[in-house]
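Reviewing the structure listed below.
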Amino acid sequence: MSLLEILTYPDPRLKTISAPVTEFDAKLQAFLIDLENTMRAGPGGVGIAAPQVGCFQRIVLLDVSSKPKIKHHGNLVLINPEITQWEGFEIGREGCMSVPDYTGNVIRAQYLHLMAQDQHGIQHEYDMEGFEARAIQHELDHLDGLLFIDRLVSRRHDLFRRKVYVSIQTQPHLSSEKAIDR
Amino acid sequence: MSQWYMLTLVGKDQLGIVAKVTTALYKGGCNLGEASMLRLGGNFTIMLMVSYEGDNKQLYDLLKEVVRELNLHLHIDVIEGHLHQHRDPEVRITVHGADRAGIVAQVTSVLTEAGLNILDLESDVGGNTNNPFYIMHIEGIATQGIAQLSQALQQLLATQHPDLKVQLEPIETLVM
Ligand SMILES: [Zn+2]
């Protein structure tokens, strides 16, 4: 197994727009294994895009299953992914293996519909939400030469209300609101 | 060898403070680190990490002219500074209510006791002179878990400030 080298900002190659994958051959399968090992070895381990390792093809791996209590599709190989519908927006904090030691708030769509091919070239469709939807939007940006730092919103002033987790009740006899299950 | 300094500059807000201060530092061979600069109550405040080869006195001399021209208060401390050591907040707490003495002290005291390590706190007074309201955002690390913080806040509200509005939410950072 080999780990691939991650390009880090301000490396200009991260601005490259990646090309569609056309060959679903053995070379691709071998690359996917290395890419997954590289993702798993990283600090977040929930997603990686091929251009992050200097391969400018439209390939994304995603696996947000380690996050508790969320909807997700498990371990995904997403080739030539395309978002066909968006809905809602949500602010959330993101970091990136290609942008070490910095995290920031980014607005992303809450729900989306995605079309993508798998490692064999078979087309699939997914309805995604929450963390998984956020992750694919972050990775799709990599394919288009964008980083989350291109989309930051102020840390100091929230432009949009976040999802409220606990509203501390003002009346002592009322029990506290339950955490929103995501 | 260069040394990290923490510069504190405060003065009446006016056009060009940041540009003039940072230009003087740049021309004097300083490198800037992390900084916080904002307007507070009509004043402009700067907290700025500066890496510099000279000593305290030489650094002061670099800024002497700008400080005089803009009528700023300048304070310089030698610090042990480190870059690339950010810590990500785990929780965000918003508090607002009618302004009164002691909100910050009481809220932060119970949060500290419940294990909150504050990374960032900003607060403001809104409304008008007759009906001021206080609003505060805190981000930090919940060293004893988020449930502890929530419990501590509930306790505070139940016993002392039934009219305060308090919200608490985890900040989950997705690294991809
Ligand atoms: Zn990334």
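- Other residues, nucleotides and ligands place no more than 12 heavy atoms under 6.0 Å from the CD atom of B:E113.
- Taking all atoms of both residues into account, the shortest heavy-atom contact from A:D101 to B:H84 is OD2-CA, 2.7 Å.
- Classification of B:E139 and A:R93 as a salt-bridged pair holds, one side-chain N sitting under 4.0 Å from a carboxylate O.
- Within 6.0 Å of the CG atom in B:L15, the count of heavy atoms belonging to other residues, nucleotides or ligands does not exceed 12.
- Interface residue A:E139: only side-chain heavy atoms are found under 4.5 Å from chain B.
- Counting heavy atoms of neighbouring residues, nucleotides and ligands inside a 6.0 Å radius, atom CD of A:E82 does not exceed 12 of them.
- There is no path of hydrophobic side-chain contacts, each under 4.5 Å, that joins A:V106 to A:M128.
- Rounding to the nearest 0.5 Å gives a distance of 7.5 Å between CG of A:N105 and CZ of B:R92.
- Across every non-hydrogen atom of B:V175 and A:P43, the tightest pair is CG1-CG, 4.0 Å.
- A pairwise comparison of heavy atoms in A:V46 and B:M176 identifies CG2-CG, 3.4 Å as the closest pair.
- Two different hydrophobic clusters hold A:I107 and A:Y111 under the rule that ILVMFWY side chains link at heavy-atom gaps under 4.5 Å.
- Applying the 6.0 Å contact sphere to CD of A:E5 captures no more than 12 heavy atoms from other residues, nucleotides or ligands.
- Heavy-atom contacts from other residues, nucleotides or ligands closer than 6.0 Å to CD of B:E65 number 12 or fewer.
- Between chain A and the options B:L153, B:L83, B:L174, B:D88, heavy-atom pairs under 4.5 Å are most frequent for B:L174.
- When heavy atoms are compared at a cutoff of 4.5 Å, B:Q85 approaches chain A solely by way of its backbone atoms N, CA, C and O.
- Contacts with chain B were tallied for A:M97, A:H138, A:R134; A:H138 has the most, counting heavy-atom pairs under 4.5 Å.
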